[in-house]
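Only one structure is covered here, and it is reproduced in the block below.
First the proteins, then the strands, lettered A, B, ... as listed; each starts at 1. Computed over heavy atoms, backbone and side chain alike; hydrogens, waters and symmetry mates excluded. Just so it is clear, the structure is predicted and the values come from calculations on it, not from any experiment.
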Protein chains: 2
Amino acid sequence: MPVHQHIRVTADAVVLRFSSKEGMMVLLSKRSIPPHIFKWGLPGGFIRNDEPVEDAVHREIRDETGLRANYLEQFRTFGAPDRDPRGRVLCVAHIGLIKPTATKLIPGAGNKEARWYPVRELPQMAFDHATVIAAALDHLRIRMRNEPLAFELLEAKFPVSELEKLYEWLYGRPVDRRNFQKKIHNLGLLTTQQEKLKHPLQGRPAQLYSFNQERFNELKEKEEYIEIFS
Amino acid sequence: MPVHQHIRVTADAVVLRFSSKEGMMVLLSKRSIPPHIFKWGLPGGFIRNDEPVEDAVHREIRDETGLRANYLEQFRTFGAPDRDPRGRVLCVAHIGLIKPTATKLIPGAGNKEARWYPVRELPQMAFDHATVIAAALDHLRIRMRNEPLAFELLEAKFPVSELEKLYEWLYGRPVDRRNFQKKIHNLGLLTTQQEKLKHPLQGRPAQLYSFNQERFNELKEKEEYIEIFS
DNA sequence: TCAAAAGTGTTAGAAATACACCCATGA
DNA sequence: TCATGGGTGTATTTCTAACACTTTTGA
């Protein structure tokens with residue numbers, strides 16, 4: 001039992017927000033202390049001794065931005081010995097997903113500035129956080145084929161086109177609207193809502209849908225393998 | 001910067017070995033010290049202050065069993081505050097894959113007993129290691145659909161039936177031999193070897209194949225998505 | 001009436017599935 | 001010659017992919 005081990009551990013989150021107008025945005029906070037002072041980093045920080053890791057992530061996101069991710073999943077731990085100049089610091093990295101309406105940031109006690117940045121136009125990043133963001137997107141790209149994570153990034157009621165644009169953004173290729181609708185409807189994952197989209201900037205108003213979680217659970221029970229997107 | 005953080009970190013591995021006769025086996029080592037003395041646990045231990053995480057895993061596996069996994073991948077970090085009675089200990093869990101010939105164990109300095117156990121007949125496990133093993137298999141089940149990890153569990157030259165039985169074991173369902181061969185050959189992942197399997201216990205000798213890594217890399221470059229098994 | 005986005009169906013090709021008999025070998 | 005496991009082809013169905021015009025609305 002090593003009394004001599006001295007490794008610290010942070011819990012950090014790549015919190016993502018999507019809208020078809022702005023694309024995928026990531027939540028960053030500006031560092032106000034060294035190391036990497038004034039660079040931008042992921043919300044996160046040291047885990048408390050008796051605190052569950054997920055709780056630490058939620059706490060840090062709240063403290064730095066006032067937000068709460070409605071989906072949170074650990075995806076990898078970054079542990080290169082030289083990734084932090086202060087000494088050995090492991091980073092348990094998470095993906096957080098949040099609805100597009102979560103735009104208003106309330107920087108907390110730390111007085112740190114927080115901002116949404118387009119994932120494809122990142123500022124100078126602290127530590128290895130650019131790598132962490134890239135890894136988070138790779139992870140999401142794999143998970144979103146089979147898991148209904150897309151719906152965590154959309155409003156409760158959304159037009160199919162928004163879902164489609166999210167997949168187009170993530171996979172970097174155009175998606176055939178007709179085939180996409182066919183597939184998603186055949187799976188039965190969408191429940192038609194009464195309303196239509198009230199204020200399209202222009203064009204025909206879109207039918208709104210919500211994600212049918214029960215239907216997905218049903219599918220998952222009987223089919224071992226569900227492909228939402230190919 | 002929390003001088004008061006006191007969290008220790010271990011690197012542990014679920015090292016797996018497969019043969020059609022025995023099924024999937026996991027490498028365990030018997031604890032010789034408290035806590036959980038005399039229960040079985042995953043090979044692993046505390047990371048050194050300046051040691052890369054993967055190096056720590058390899059070192060622990062070697063020290064406890066004399067083996068070296070030919071594939072190693074981190075899959076999750078377990079961090080429940082109460083998972084270790086000694087205090088807060090995070091476990092960065094890995095999957096290790098090893099060839100079926102790696103049967104001989106050389107317990108090292110720690111004098112710990114090490115053994116291969118069938119994954120489906122585990123002894124009483126230390127800590128949350130039963131959960132860790134279950135999570136490793138879930139992870140493997142997802143990864144093996146799209147990544148050529150199966151070949152890390154087979155000899156360099158193997159009959160198709162061995163590959164097929166590996167998939168059957170992992171997904172818990174029978175696989176149609178003809179359709180399986182068709183699919184795997186259409187992908188072009190197998191290179192036919194000169195030899196046939198020399199000593200089948202009975203029956204017609206099987207053609208041997210090796211995994212064609214270059215072909216897989218080629219595929220991965222042009223196709224964004226490769227499905228090895230559905 | 002125009003611009004903009006939404007909605008929708010058919011066809012051809014590819015892939016997945018289901019299914020059964022013969023072959024090569026050792027005992 | 002028998003028992004055992006290896007090797008193989010075809011027909012059916014399902015899924016995927018390609019493709020363009022009409023509808024609804026606000027300006």
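- Evaluation of the ring pair (Phe, Tyr, Trp, His ring centres under 6.0 Å) rule for H129(A) yields F127(A) as partners, not counting sequence neighbours.
- Evaluation of the salt bridge (charged side-chain N to carboxylate O under 4.0 Å, His left out) test over residues 19-31 of chain A, restricted to residues two or more places apart or in two chains, returns R17(A)-E22(A), K30(A)-E113(A).
- Under the rule for a salt bridge (charged side-chain N to carboxylate O under 4.0 Å, His left out), the partners of D138(B) that lie at least two apart in sequence or sit in another chain are R141(B).
- Among residues two or more places apart in sequence or in another chain, the salt bridge (charged side-chain N to carboxylate O under 4.0 Å, His left out) test is passed with R76(B) by none.
- Note that the two end axes of the helix from dT1(C)-dA27(D) to dA27(C)-dT1(D) enclose an angle of 0°, each drawn from 5 base pairs, rounded to 10 degrees.
- Taking E218(A) as the reference, nothing meets the side-chain hydrogen bond (donor to acceptor under 3.5 Å, both in side chains) condition, with sequence neighbours excluded.
- Taking atom CG on N186(B) and atom P on dT17(C), their separation rounds to 14 Å, with Å as the unit.
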Side-chain donor-acceptor pairs under 3.5 Å in residues 148-155 of chain B, sequence neighbours left out?
| from | atom 1 | to | atom 2 | distance (Å) |
| --- | --- | --- | --- | --- |
| E152(B) | OE1 | N70(B) | ND2 | 2.8 |
| E155(B) | OE2 | T101(B) | N | 3.4 |

Treating primed atoms plus P, OP1 and OP2 as sugar-phosphate and everything else as base, which nucleotides of nucleotides 4-13 of chain C get B, S or - for protein heavy atoms under 4.0 Å?
BBBBBBB---
Would you list the atom pairs, donor with acceptor, under 3.5 Å between side chains in residues 118-125 of chain B and any protein atom, with sequence neighbours excluded?
| from | atom 1 | to | atom 2 | distance (Å) |
| --- | --- | --- | --- | --- |
| R120(B) | NH2 | W169(B) | O | 3.0 |

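- The side-chain tip of R178(A) does not point at the ring of F180(A) from less than 6.0 angstrom away and within 45° of straight on.
- Across all strands, E227(A) comes closer than 4.0 Å only to sugar-phosphate atoms, never to a base (heavy-atom distances).
- F75(B) is linked by a ring pair (Phe, Tyr, Trp, His ring centres under 6.0 Å) to H139(B), counting only residues two or more places apart in sequence or in another chain.
- A nucleotide of DNA chain D counts as in contact with chain A when one of its atoms lies under 4.0 Å from a heavy atom; the first and last such, 5' to 3', are dT16(D) to dT25(D).
- For K183(B) and dA15(C), the shortest distance from a side-chain N or O to OP1 or OP2 is not below 4.0 Å.
- Among residues two or more places apart in sequence or in another chain, the salt bridge (charged side-chain N to carboxylate O under 4.0 Å, His left out) test is passed with E60(B) by none.
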